[in-house]
Number of protein chains: 2
Amino acid sequence: MTVTIYDVAREAGVSMATVSRVVNNNPNVKPQTRKKVYEAIERLGYRPNAVARGLASKKTTTVGVVIPDIANANFAEVARGIEDIANMYHYNIILCNADKRKDKEIRVINTLLEKQVDGLLFMGGAVTDEHVQAFNTSNVPIVLCATTDEKGVIPSVDINHEEAAFDAVNRLIAEGHRSIAMISGTLQDPANGFARYHGYKRALEQAGIPYREEYVRNGNYKYESGIEATQYFLSLPERPTAIFAATDEMAIGSIHALQDNGLSVPADVSVISVDNSRMASMIRPLLTTVAQPMYDIGAVSMRLLTKLMKKESVDHAKVILPHELIVRRSVAAPKA
Amino acid sequence: MTVTIYDVAREAGVSMATVSRVVNNNPNVKPQTRKKVYEAIERLGYRPNAVARGLASKKTTTVGVVIPDIANANFAEVARGIEDIANMYHYNIILCNADKRKDKEIRVINTLLEKQVDGLLFMGGAVTDEHVQAFNTSNVPIVLCATTDEKGVIPSVDINHEEAAFDAVNRLIAEGHRSIAMISGTLQDPANGFARYHGYKRALEQAGIPYREEYVRNGNYKYESGIEATQYFLSLPERPTAIFAATDEMAIGSIHALQDNGLSVPADVSVISVDNSRMASMIRPLLTTVAQPMYDIGAVSMRLLTKLMKKESVDHAKVILPHELIVRRSVAAPKA
DNA sequence: CTGTTAGCGCTTTCAA
DNA sequence: TTGAAAGCGCTAACAG
């Protein structure tokens, strides 16, 4: 039924070993022999069985990727970065959604390891001891992608979320704002949530602006929660002159809530966020936001993983990619 | 180093076969024996090797997915549908981006087949004879996802793009519009491009509205091309009262181009499209658009594939999922 | 209910 | 430069 390396060997009048050498581009084969083998392969329509190869060689040229949700634009962008570089190094990707749920994360880590992936790329929620423990049940290299572990023991590539938020809020302060509200993510989320909230607080502190409880509202990263939070801010006796949203989507919700209430952005209220998603340049006014290099996070972490898999030495196993403030039109000085 | 089924067998004082039975939940094992085996597994930290299992059983519980671009929101949504159902049936997904480029598509189909996937889900550009030929080099079931082959021989799940476009344009006509422009995709693309263009033409025809060359402008699905096309329409001596865009993104570009030119949507010009992406409800005015059930396309095609992989009989191997017009606020009657 | 025994298709020493 | 042979870790008859 299926043609194997053995069939090719017989057809070409050589041994299996030689066919194997040809298929794997081993230079120690006489050109003439090589030609014979190629012809036999062609004639028989031979296709190497990667599973058998994997068993024999203990390498699958496959890496596992655990991702919170591939339908999320940010993660999809990371995934694309991963795949492009993987491709370049002839690796394939097994993709598993885990929705930032610890049990699911642990489970997929294990099935990925069962599949004998050569390496693992992990994006998720907090990286707990339990995760680390799961990682340690095997020797395959791991890199954390767009997250870090608290202990800082696992290689990772990420941006500095705290600093990104800090920069965004500082921009508002530089413009003259003193009444700055924040639409945050869930504070349980270490990266998008907690760190950004802290950046906000630090910026306020540094500028000597008192922190006000009622100026912080938790959202769920989504458009609707941006609307909801903004409506709440508008109901306050003293409404903020600027709003910092932890994500573009919430910022857009905020802008629309403002506009739907007859307010103008940025004339009446300024809005800033972090992400720089496609949508940031697809609304009016164009959104000022801090760009996160999602594609690069994926690409760099995959590149790092290839090095780890080849046991190459790696100088810094913790890489922080730079973010950048993209100034567009949603921020202006507060009204006098 | 690594603990194998053999080690477990020895530790538990049974044969490999018995361990295998336990691991695979074969009911023919005395509960007591089962318990002994589980304990040995626990003690040794045994983790089955899926590669070895794959070689022996000729099943990898892995399916290959070729996708144009995971960073594209529509495809990412499909991918999520696929993954969820795959998960449910205990399959894993190997994901390959192929950018709708035939050479890349053929290449990844082959590497996926080398990896001995149990099934293949294909999303891409046109499905040519060359594709079919590549599919036929193996016996693994294939299903086309959000595409169809011209010959109609391969199982597939998709929506009726022509009809979706037809419905959208009809809505405009029902509203009283007679000057309807279209921002199309590239006509080489069978689904999003050509079919939607045809739906547009057919709707016009049926309503007895003459087709006008200058009212059709090719875009590339992106926001910017929606802007560009709309600016062109506005430069026409007789400008259209309504615009049909082949994608939401182009529609949003169109709306902004209109607004940036001081026109109001829908008071001055109506805009309609197809996709119903998240963004459709994240702009002002809210976009009227035909919803494509992307997640379901993924889910249903994966479900179909599981049946094919189990050699279950399948009544209809060509499934067309229903689309639906989502009426929001970007369409109104033309000015008198 | 359990064990024995062949492979699955390939890579990889080791010799020649 | 080539071949022989021993596995890689597991499943799947088959026998008992």
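Per chain, numbering begins at 1; letters A, B, ... match sequence-line order. Heavy-atom basis, side chains included; hydrogens, waters and symmetry copies ignored.
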Checklist outcome for this item: When B/V14 and A/V23 are each assigned the nearest nucleotide of DNA chain C, the 5'-most assignment goes to B/V14
Next on the checklist: For residues 21-34 of chain B, which residue pairs pass the side-chain hydrogen bond (donor to acceptor under 3.5 Å, both in side chains) check, not counting sequence neighbours?
Outcome noted: B/S20-B/N24
Checklist outcome for this item: B/N26 CG to D/dC10 P, in whole Å, measures 17 Å
Item to check | Qualifying residues under side chain to side chain donor-acceptor pair (under 3.5 Å), relative to B/K35, sequence neighbours excluded | outcome: B/E39
May I have the list of side-chain donor-acceptor pairs in residues 67-76 of chain A shorter than 3.5 Å, sequence neighbours left out?
unit_1 : atom_1 : unit_2 : atom_2 : d
A/D69  : OD1    : A/A71  : N      : 2.9
A/D69  : OD1    : B/R80  : NH1    : 3.0

Item to check | By salt bridge (charged side-chain N to carboxylate O under 4.0 Å, His left out) - contacts of A/D296 (at least two apart) | outcome: none
Item to check | Set of residues satisfying side chain to side chain donor-acceptor pair (under 3.5 Å) with respect to B/E114, sequence neighbours excluded | outcome: none
Checklist entry - Can you list every pair that meets salt bridge (Lys or Arg N to Asp or Glu O under 4.0 Å) and has a residue in residues 123-147 of chain A, with sequence neighbours left out? => result A/K102-A/E130, A/D129-A/K151
Checklist entry - Could you give the CD1-to-C1' distance, from A/I5 to D/dA5, as a whole number of Å? => result 14 Å
Checklist entry - Who are the side-chain contact (heavy atoms from CB on, under 4.5 Å) partners of B/E83, not counting sequence neighbours? => result A/C96, A/N97, B/N87, B/I93
Checklist entry - Does B/V153 offer a backbone N or O that forms a donor-acceptor pair with the side chain of B/D149 under 3.5 Å? => result yes
Checklist outcome for this item: First and last nt of DNA chain C near chain B, cut-off under 4.0 Å to heavy atoms, 5' to 3', are C/dC1 to C/dG9
Checklist entry - Are any of A/T18's side-chain N or O atoms less than 4.0 Å away from OP1 or OP2 of D/dG3? => result yes
Would you list the protein and nucleotides 6-8 of chain D atom pairs, both N or O, that sit under 3.5 Å from each other?
unit_1 : atom_1 : unit_2 : atom_2 : d
D/dC8  : O3'    : A/K58  : NZ     : 3.1
D/dC8  : O2     : A/A56  : N      : 3.3

Checklist entry - So which one's nearest nucleotide on DNA chain D is more toward 5', A/P27 or A/A17? => result A/P27
With a 3.5 Å cut-off and sequence neighbours excluded, list the donor-acceptor pairs that the side chains of residues 41-56 of chain B form with protein atoms.
unit_1 : atom_1 : unit_2 : atom_2 : d
B/R43  : NH1    : B/E11  : OE2    : 2.3
B/R47  : NH2    : A/N110 : OD1    : 2.9
B/R47  : NH2    : A/T137 : OG1    : 2.7
B/N49  : OD1    : B/V51  : N      : 2.7
B/N49  : OD1    : B/A52  : N      : 3.0

Side-chain polar contacts of residues 306-316 of chain B - donor-acceptor pairs under 3.5 angstrom, sequence neighbours left out - could you list them?
unit_1 : atom_1 : unit_2 : atom_2 : d
B/T306 : OG1    : B/R303 : O      : 2.5
B/T306 : OG1    : B/R303 : NH1    : 2.7

Checklist entry - Nearest-Å distance, NZ (B/K59) to C1' (D/dC10)? => result 15 Å
Distances under 3.5 Å between nitrogen or oxygen atoms of protein and nucleotides 14-16 of chain D:
none

Checklist entry - Is the shortest distance from a Lys or Arg side-chain nitrogen in B/D103 or B/R101 to a carboxylate oxygen in the other one below 4.0 Å? => result yes
Checklist entry - Contact class for A/V51 vs. all strands (heavy atom < 4.0 Å): base, sugar-phosphate, or nothing? => result nothing
Item to check | Rounded interatomic separation in angstrom, taking CZ from A/R53 and P from D/dC10 | outcome: 21 Å
Next on the checklist: For a quick check of understanding: with a heavy-atom distance under 4.0 Å over all strands, which category does A/V19 fall into, base, sugar-phosphate or nothing?
Outcome noted: nothing
